[in-house]
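Step one of this worksheet: look at the structure below.
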Amino acid sequence: MEPESELEEDSELDQRQLSLTIACIVQRLRGSQLHSELEREARTSLHKTEVRLESLKEDLKEFLRKSGWEKKLQNAVYRELNVLPELGHACTPAEHMKEGLMYIRRAQINWEKRVLKSLNSMCTEMSIPLAKKRSADEQKELLHKWNEMGTDEPDLSRFRPVYAPKDFLEVLINLRNPNYDGGDPTGLNGSWGLINVPLKVKDLTALRNLYTELGLNYEQLGIDDSMQISPEPFEIEYIRLGQKVLSKKDSAAAQQYVRQGCPTTLRADMWALILNVNNQLADSLYYEQLKSNVIQHDLLVDNLIYKDVKLTASNDDYYFVFEDYLYQVLLCFSRDALVLDHFNYSSASPPKSYIKGKVALEDYAVVYPPNGVVPFHGFAMYVAPLCFLYHEPSKLYQVFREMYVRFFFRLHNISSHSSGIVSLCLVFETLVQTYLPQLFYHLREIGAQPLRISFKWMVRAFSGYLATDQLLFLWDRILGYNSLEILAVLAAAVFAYRAENLMEATSLAAAEAILADLSTLQVMPLLQLFLFATSN
C-alpha cells in the first residue's frame, strides 16, 4: 500500500472517531441540566437588541460567549472527554465498550456474583431485609441527630464488611487469560510477581514521558515550597497564577495547573473547577432529596457504611473529627441513581435484587443499592481527605461523587484499563522487579511478595496511609494527569526508599512492620527520585 493511501485511511479513521466522539458527547449532554439552562438562556437572548434576525446564529453565539455560557459548555464537554472510554467502531457491542477482553469481563461478572452472594447471605443469616421503610418515629429521630450521627452507637457486632482488599487481591492473583501461554515452563524469564495477565502497561520511560512536569527541572509544590526561606518566591508567583486560572473558569487550564501541585488556599476551588462541580441551587436541592431518601428508608448497606467508618476513619488521627460528614455523604451516595451512569464506561454492572416474592422475574429486578455500588472495607477513606477541603455537605458530596465516577471506581473493579487496579498492580510489580531485582527476589523468597503489602495502599489511593498534606499533593497529580498510574509509581518508590531495611527482613510480618508507617514520607521527592533519578 502506498504511504499516501495509508495516511488518507488514517485521516478518515480519525475523522470517523472524532464524529463518533462528538455524537456521543452531544447525546450525553442533551437532556442535562446544563442543556435546559442553555436553551432557556438562548430563548431569553432573542429579546436582546444585540441579537438580530438576519445574523441570528452569530449573534447568539457572541451573546452566549460574553455571558459565560460558552465557557460552561466547554467545561462540560471537557468533563465528558475525561470520563468517556476510547470509542471504537459504531457497531461495537456495549459490553465490549465497557471491557474489551472477554476473560476479564467474565472475571468481573463472577466477582460481582460473589459480592452479591455475600450480601444476600448476611441478609438471610441476620433476618434483615435489604431495605425497609422507617417508621415515623425512626424518621424523626434520624432527622434530629443528622449532624451528630457519630455520637450514635448502634450494635454493629453482627455485621462484617462484604469484602476487604485482601479478598479482592486473591481474585486478581487467580486471573488468567485462557488463550495465553507464556511459553516459559521454567519460569526463569517470566514475572516473579503475583499478577499473571498479559496486559500492556507503561514502563519507566513511558511513565517519564507521561509525568514530564514532575521532572527535576520543574518547580513543584511539595518540594520547592517546603524550603526554610519564607515566603518562597516560587509559591507566591504560583498562587498568583492559580488565581488567574480560577478567574478564567477553565477546567482544562486548571487541570494543567495542578500537575505541579496546588496551593492549599486554592485547592478546593481548583479541584471543583477541574471536576466541573458548580454547586448551584439545583445541586443543593438534589442533595436534600437524597437526604430525604435516607431519612425515609433503611438499607442493609447503611450498616455496612456505619461499620466501615467505625473501623477506619473513626480510628484515624487525621479523620476521626469528620465522622458525621462521612456518614452523611456515604448514606446519600448509596441512594444516588446518578452514579449509575458510570457503569456505561465501567467494566462492572450494578447488582440487582428482586422485590419480595418475585425472585427471578426480571420485570421485578431493582438495582441494589440504588447507586449500584456495594461498599467494602476502607471505602469511607475515599471521602475522608475531601473533608479537609469542603465544609459544605452539598459541595463535599458532589466533589466526592465526581472523584468516584472518574477515578475511584477503577480501584475495585476488574478491567484492562490503564488506570484499573490490574494494570496498577502490573506497573508496580514490573517497576520493582526491573529496578529493584535483588529486593524483589529477597522478599519473594521470604514469602513477602511486594504486592501483598502495597495492594491496600493502591486500592485506597493511599488514603489513611500518608499524612494528609502529602496525600492531597498526590491527588493533585491524579487530577492533573487524569490517571491513577502515579499510585503504582509511588508504591514502587516507597519500596525503593525502604529497600535497605527490607533486605534485612526475614518474614512477611517483618517486612510489613518496616512499611507499616508511611505518615512521615514526603511524596514529591520520592516520586521525582524514582521517576527521574533511577538509572535505566
Side-chain angles (χ1 to χ4, degrees), residues 28 79-80 82-85 98 108 112 115 162-163 165 168 251 255 268 271-272 274-279 283 286-287 290 294 301-302 304-305 308-309 312-313 319 322 325-351 367-390 393-415 417 419-421 424 458-464 471-472 474-476 478-479 481-484 486-487:
R28 284 174 63 83
R79 187 260 176 197
E80 295 302 326
N82 271 312
V83 301
L84 277 178
K98 285 161 64 70
Q108 175 62 28
E112 287 167 11
V115 169
V162 175
Y163 67 94
F168 188 41
S251 294
Q255 189 171 45
W271 283 19
I274 294 168
L275 297 167
N276 199 30
V277 168
N278 300 306
N279 198 33
D283 300 310
Y286 183 72
Y287 176 77
L290 294 173
V294 175
V301 292
D302 293 353
L304 300 179
I305 289 167
D308 186 49
V309 172
T312 56
Y319 304 123
F322 301 123
Y325 276 160
L326 296 176
Y327 291 133
Q328 291 169 13
V329 168
L330 289 167
L331 289 172
C332 287
F333 182 70
S334 67
R335 271 77 169 173
D336 193 348
L338 289 182
V339 178
L340 295 173
D341 181 65
H342 89 280
F343 288 106
N344 291 320
Y345 49 87
S346 163
S347 61
S349 297
V367 171
Y368 184 88
N371 69 345
V373 181
V374 178
F376 58 90
H377 180 56
F379 194 84
M381 299 307 287
Y382 291 146
V383 187
L386 300 173
C387 296
F388 277 100
L389 303 181
Y390 305 99
S394 171
K395 192 163 188 180
L396 169 63
Y397 177 75
Q398 289 169 66
V399 169
F400 163 64
R401 182 180 64 193
E402 194 62 25
M403 287 287 283
Y404 180 81
V405 300
R406 280 205 200 190
F407 303 110
F408 298 147
F409 77 92
R410 298 198 185 279
L411 297 175
H412 61 93
N413 290 334
I414 305 170
S415 80
H417 193 277
S419 279
I421 192 63
L424 298 189
M458 294 190 288
V459 166
R460 278 203 202 170
F462 280 89
S463 179
L471 181 75
L472 295 175
L474 176 66
W475 285 15
D476 281 339
I478 289 174
L479 281 158
Y481 290 94
N482 197 43
S483 169
L484 291 165
I486 201 163
L487 299 176

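Please read these numbers as outputs of a predicted model, since none were measured by experiment.
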Discussion item. Let's go through Trp475 and Phe408 carefully: what are the C-alpha distance in whole Å and the side-chain angles of both, what is the deciding distance for ring pair (Phe, Tyr, Trp, His ring centres under 6.0 Å) to 0.1 Å, and is it a yes or a no?
Written reply: CA-CA 11 Å; Trp475 285 15; Phe408 298 147; 5.2 Å; yes

Atom of [X], atom of [Y] and distance for their closest heavy-atom approach:
{"X": "Thr312", "Y": "Ala380", "answer": "OG1-CB, 4.0 Å"}
{"X": "Tyr390", "Y": "Ala268", "answer": "OH-O, 2.6 Å"}
{"X": "Val405", "Y": "Tyr345", "answer": "O-OH, 3.0 Å"}
{"X": "Val367", "Y": "Pro350", "answer": "CG1-CB, 3.8 Å"}
{"X": "Lys395", "Y": "Ala272", "answer": "CE-CB, 3.8 Å"}
{"X": "Ser347", "Y": "Ser415", "answer": "OG-CB, 3.5 Å"}

Given side chains that start at C-beta, do those of [X] and [Y] come closer than 4.5 Å, heavy atoms only?
{"X": "Ile478", "Y": "Leu484", "answer": "yes"}
{"X": "Phe322", "Y": "Val383", "answer": "no"}
{"X": "Asn371", "Y": "His342", "answer": "no"}
{"X": "Met403", "Y": "Leu479", "answer": "yes"}
{"X": "Leu411", "Y": "Leu424", "answer": "yes"}
{"X": "Lys98", "Y": "Asn344", "answer": "no"}
{"X": "Leu472", "Y": "Leu389", "answer": "yes"}
{"X": "Leu386", "Y": "Val329", "answer": "no"}

Worksheet item: Using the ring of each side chain (for Trp, its six-membered ring), is Phe376 parallel, tilted or perpendicular to His412, with breaks at 30° and 60°?
Response: tilted

Practice prompt. For the residue pair Tyr404 and Phe400, categorise the inter-ring angle as parallel (less than 30°), tilted (30 to 60°) or perpendicular (more than 60°).
Written response: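 Rings of Tyr404 and Phe400: tilted, as their planes differ by 30° to 60°.
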
Practice prompt. Would you sort out whether Phe343 and Phe409 count as a ring pair (Phe, Tyr, Trp, His ring centres under 6.0 Å), showing the intermediate values?
Written response: CA-CA 10 Å; Phe343 288 106; Phe409 77 92; 8.2 Å; no

Worksheet entry | Asn279: partners by side-chain hydrogen bond (donor to acceptor under 3.5 Å, both in side chains), with sequence neighbours left out |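 Result, side-chain hydrogen bond (donor to acceptor under 3.5 Å, both in side chains) vs Asn279: Glu392, Ser394, Gln398.
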
Item to complete: For the residue pair Asp336 and Tyr286, confirm or rule out a side-chain donor-acceptor distance under 3.5 Å.
Response: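 Note: Asp336 and Tyr286 side chains meet the donor-acceptor criterion.
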
